[in-house]
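A short worksheet on the structure shown next.
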Amino acid sequence: MNQEHAGEPQYEVLWPLSRKAVERTAAAERLPDLNGKVVCELWDVIFRGETIYPLVREYFKKRFPGVTFVPYSEFGNFHGAREHEVTATIADKLRLHKADAVIVGIGA
């Protein structure tokens with residue numbers, strides 16, 4: 001024990017870390033260029049998406065003028081009373097819009 005903490009009580013501790021329940025997977029590779037790509041937006045309608053998504057669109061359109069966005073309103077709120085119904089349709093809607101990338105906004 002170092003002198004700075006001499007005389008202070010010491011306690012044994014147990015680290016409550018459990019075994020991992022989910023294996024980590026590598027993230028998908030990033031698209032090098034969004035020109036000509038379709039980016040779909042998903043949002044759980046919890047935290048400022050109505051403010052953030054327009055800013056994201058503006059930023060990306062400046063960098064990649066040929067990008068197309070499919071707004072979150074096309075997909076519905078995937079959180080709340082209808083979340084199971086809404087999430088069941090997301091994959092089909094992404095295929096319908098020929099999504100190349102998706103931005104998922106989850107508020108907390």
Side-chain angles (χ1 to χ4, degrees):
M1 177 185 291
N2 78 34
Q3 293 295 343
E4 184 180 335
H5 300 289
E8 292 182 13
Q10 291 186 351
Y11 303 95
E12 289 188 36
V13 296
L14 172 67
W15 180 257
L17 186 64
S18 66
R19 282 180 265 152
K20 296 197 185 282
V22 177
E23 291 294 321
R24 281 191 157 185
T25 58
E29 287 188 36
R30 292 182 180 191
L31 295 171
D33 186 346
L34 293 178
N35 281 307
K37 303 296 186 200
V38 175
V39 178
C40 294
E41 303 169 347
L42 299 176
W43 181 38
D44 63 2
V45 192
I46 292 180
F47 182 75
R48 297 185 55 211
E50 71 280 2
T51 303
I52 301 300
Y53 275 110
L55 295 172
V56 169
R57 283 183 221 126
E58 180 182 345
Y59 174 79
F60 279 116
K61 282 187 180 255
K62 283 181 184 172
R63 288 191 62 200
F64 309 103
V67 67
T68 301
F69 289 92
V70 179
Y72 56 83
S73 58
E74 291 290 318
F75 296 91
N77 178 3
F78 61 87
H79 174 75
R82 295 182 52 233
E83 68 185 65
H84 296 293
E85 179 184 335
V86 172
T87 56
T89 67
I90 291 174
D92 288 337
K93 287 181 179 178
L94 292 174
R95 280 190 286 277
L96 175 71
H97 291 291
K98 297 179 172 52
D100 295 296
V102 179
I103 301 171
V104 182
I106 300 174

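- The OH atom of Y53 sits 6.5 Å away from the CG atom of L42 when rounded to the nearest 0.5 Å.
- Placement of L55 and F60 in two distinct hydrophobic clusters is found when ILVMFWY residues are connected by side-chain heavy-atom separations under 4.5 Å, directly or transitively.
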Only distances under 3.5 Å count here; give the side-chain donor-acceptor pairs of residues 64-73 to other protein atoms, sequence neighbours excluded, each with its distance to 0.1 Å.
none

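- To the nearest 0.5 Å, the span separating CZ on R63 from CG on D33 amounts to 9.0 Å.
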Mind listing the side-chain donor-acceptor pairs of residues 89-104 below 3.5 Å, one per line with the distance, residues two or more places apart or on another chain?
from : atom 1 : to  : atom 2 : distance (Å)
T89  : OG1    : V86 : O      : 2.7
D92  : OD1    : R95 : NH2    : 2.6
K93  : NZ     : E74 : O      : 3.3
D100 : OD2    : V38 : N      : 2.8

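- How far CG of L31 is from NZ of K37: 6.0 Å, rounded to the nearest 0.5 Å.
- Taken to the nearest 0.5 Å, the CD1 atom of I52 stands 11.5 Å off from the CZ atom of R57.
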